[in-house]
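First the structure, in the form of structure tokens, and then the observations on it.
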Amino acid sequence: MARRPLSLQARSLLAAGVVLVAFLGLAGVALDQAIYRTLLKSLHDRLQSYAYGYLATSEVSRSGRWTPPEVSPDSRLDSPESGLYASVVGPIEVDGARFSSWRSQSAYAITDIPQFDETLKPGAERFTDAPVGGASGKVYIYSYGFSWEKERGPVLLTIHVAESAANFEAQRNVFRRSLVFTFGGLVIGLLLLLLGVLRWILQPARRIAVELGRVERGDQERLSTDYPLELRRLSGSINDFIDSERNSLKRYRNTLSDLAHSLKTPLAVIRSQLETGGEGKEFRWTVLEQIGRMDQIVAYQLSRAATSGHSTFAAPVLIEPHAEEIVSGLEKVYSAKNILCEFDIDPRAQFYGEEGDLLELLGNLLENAFKWASHHVLLTARVIPGAPGARRNGLVFMVEDDGPGIPEDKVEHLLQRGVRGDERVQGHGIGLAIVQDLLRAYHGNLTVSRSENLGGAAFTVRFAPG
């Protein structure tokens, strides 16, 4: 079973959720590292302050022995296994007794604190930015070597202050939990807010889908136009497409109806002849006449049905190559007249519609010009630039000939179906009618005037920019 594709809202929410989680995750890692470095610097400064506190409150005797202070810099240093430890390495004197090292009361029972018995050169400082230790627990250690000048020479001492890593990790874990809860709530809140924003943004698109359903059911004629600017063109194009489909269906129905109605008369004549027992030459000519009439009717209705009408999404069709194709055929048909057909066509000139409709337009107009011209036909095509934001440019083309032309007072009459300018000239009189049907379908217009260049008729077709 094919998997149902995600909706735009679900896709947007999923994409935004992934980006948001990734961004906040990276931000959380960066903040965690920043707070880690901050806590580590704070630990360094705190242990350094304890070391300086010992130096500030202790004394060195005349004999060069260091005497620990009576009051420790922090009360935890006086409590066994409190997590804060100190030691001094060097000549030590406590209550008259001499030692090589000294430890705070908190460190008496702990024997595996690393580096507590090491010595550093005067002025040397060392801080372990990663916890070290053994079975009794890991610690961070700050060490500082210093000298005390006395009469007998300098007294070299090294002080070590260590704090349990558990205290440090506890502070870091508190921050991490706070960070997780804060960022987790922030993600949920932002996703809910984004969901609301997406629903509001996509509401016009959902309304288009609902209205399309109503149009399909026949509850609504077309889409409304009160949409945001970005969707207004889409709704307009859909409305144009709906109108085009309805017009096409209406045209096909009308064509079938007209064809059936038009064929009734010649069929009735033939049937009457058969029922009356007609025979001989007269019967034969009557049947042939009615068959010719039926052929004319079918040709006309088929040409009319071929009018596909305005297509919103049609690809542009170039004018010049199709005009050359049509003229090449007409020159063979009217070779006896030796007509010269010239082009003045903008290479950018394009027809937005079906190729067959363009061939019908140009074919009927050029054939009419070849039929009435004496020696010369001119086809001109120009682009009508559209306004900024228009979907397509407009088009105007003109077919001129050097024939007798059409009097102004007879233009409307000659454009009617079945009317010919001269009954002696072969034709059905429906070519210009087909042109007008096509122009109505494409929202174009036809103007008939006298040619200023050649003196005969000039047929101008214009399509406005859309």
Side-chain angles (χ1 to χ4, degrees), residues 208 222-223 225 227-248 251 306-328 330 341-369 377-401 415 431-454 457-466:
I208 283 182
R222 57 208 313 270
L223 301 182
T225 57
Y227 285 103
L229 180 62
E230 294 79 4
L231 294 178
R232 200 169 299 160
R233 178 174 293 180
L234 173 63
S235 63
S237 296
I238 292 176
N239 282 334
D240 290 344
F241 183 75
I242 292 172
D243 292 341
S244 176
E245 289 299 306
R246 285 177 176 164
N247 290 335
S248 296
R251 185 173 60 255
T307 307
S308 63
H310 177 69
S311 180
T312 302
F313 305 106
V317 182
L318 290 174
I319 302 294
E320 189 167 7
H322 293 86
E324 290 176 350
E325 178 184 348
I326 294 170
V327 169
S328 176
L330 290 174
C341 182
E342 293 184 321
F343 291 162
D344 183 10
I345 300 176
D346 188 334
R348 301 171 302 163
Q350 295 175 323
F351 173 74
Y352 288 87
E354 297 295 331
E355 181 178 327
D357 293 341
L358 175 61
L359 293 174
E360 283 287 337
L361 281 172
L362 288 176
N364 282 291
L365 291 176
L366 286 170
E367 183 180 7
N368 184 77
V377 173
L378 174 63
L379 171 61
T380 306
R382 294 286 182 268
V383 174
I384 304 176
R391 290 194 298 265
R392 60 186 64 169
N393 291 324
L395 170 68
V396 57
F397 62 83
M398 179 186 296
V399 178
E400 304 172 71
D401 63 68
L415 291 179
L432 295 179
I434 292 175
V435 170
Q436 291 190 98
D437 288 342
L438 283 165
L439 292 178
R440 275 193 292 269
Y442 280 93
H443 311 301
N445 63 75
L446 172 67
T447 303
V448 182
S449 60
R450 182 164 292 277
S451 171
E452 296 181 359
N453 298 313
L454 304 180
F459 291 83
T460 304
V461 173
R462 182 182 300 270
F463 299 96

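The model shown is predicted, which means the values in this text are computed figures rather than measured ones.
- Gly444 approaches Phe463 most closely through the heavy-atom pair CA-CD2, 3.9 Å.
- Tested against Glu400 for a side chain to side chain contact (heavy atoms under 4.5 Å, CB included), the candidates Thr460, Thr380, Leu379 yield a single pass: Thr380.
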Show your reasoning for whether side chain to side chain contact (heavy atoms under 4.5 Å, CB included) applies to Gln436 and Leu446.
CA-CA 7 Å; Gln436 291 190 98; Leu446 172 67; 4.3 Å; yes
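- Evaluation of the salt bridge (Lys or Arg N to Asp or Glu O under 4.0 Å) test over residues 377-389, restricted to residues two or more places apart or in two chains, returns Asp344-Arg382.
- A distance of 7.0 Å separates OG in Ser451 from CG in Leu378, rounded to the nearest 0.5 Å.
- Smallest separation of non-hydrogen atoms from Ile345 and Ala323: CD1-CB, 4.3 Å.
- Tyr352 and Pro316 make their closest contact through CE2-CB, 3.7 Å (heavy atoms, listed as atom of the first residue, atom of the second, distance).
- Only one option out of Leu365, Leu359, Leu358 pairs with Leu362 in a side chain to side chain contact (heavy atoms under 4.5 Å, CB included); it is Leu358.
- Closest of all the heavy-atom pairs between Leu395 and Ala349 is CD1-CB, 3.9 Å.
- Annotation: side chain of Arg222 is in contact with side chain of Asp243 (closest heavy-atom distance under 4.5 Å).
- Panel note: side chain Ser237, backbone Arg233; a donor-acceptor pair is recorded below 3.5 Å.
- Of all non-hydrogen atoms in Ile319 and Gln350, the two that sit nearest each other are CG1-N, 4.1 Å.
- Within a 6.0 Å radius of CZ in Arg450, other residues, nucleotides and ligands contribute more than 12 heavy atoms.
- To the nearest 0.5 Å, atoms CZ (Arg440) and CG (Asn445) are separated by 12.0 Å.
- Within the model, atoms CD of Glu320 and CZ of Arg348 stand 13.0 Å from one another, a figure rounded to the nearest 0.5 Å.
- One distance of note links CG of Asn453 with CG of Asp401; it measures 11.5 Å at 0.5 Å rounding.
- Expressed to the nearest 0.5 Å, how far CG of Leu361 lies from CZ of Phe459 amounts to 13.0 Å.
- Under the 30°/60° scheme for interplanar angles, the aromatic rings of Phe351 and Tyr442 are found to be tilted.
- Taking every heavy atom of both residues into account, Gly363 and Ile326 meet most closely at N-CD1, 3.6 Å.
- Rounded to the nearest 0.5 angstrom, Glu342 CD and Leu454 CG are separated by 8.0 Å.
- Distance alone, capped at 3.5 Å, places no donor-acceptor pair between the Asn393 side chain and the Pro385 backbone.
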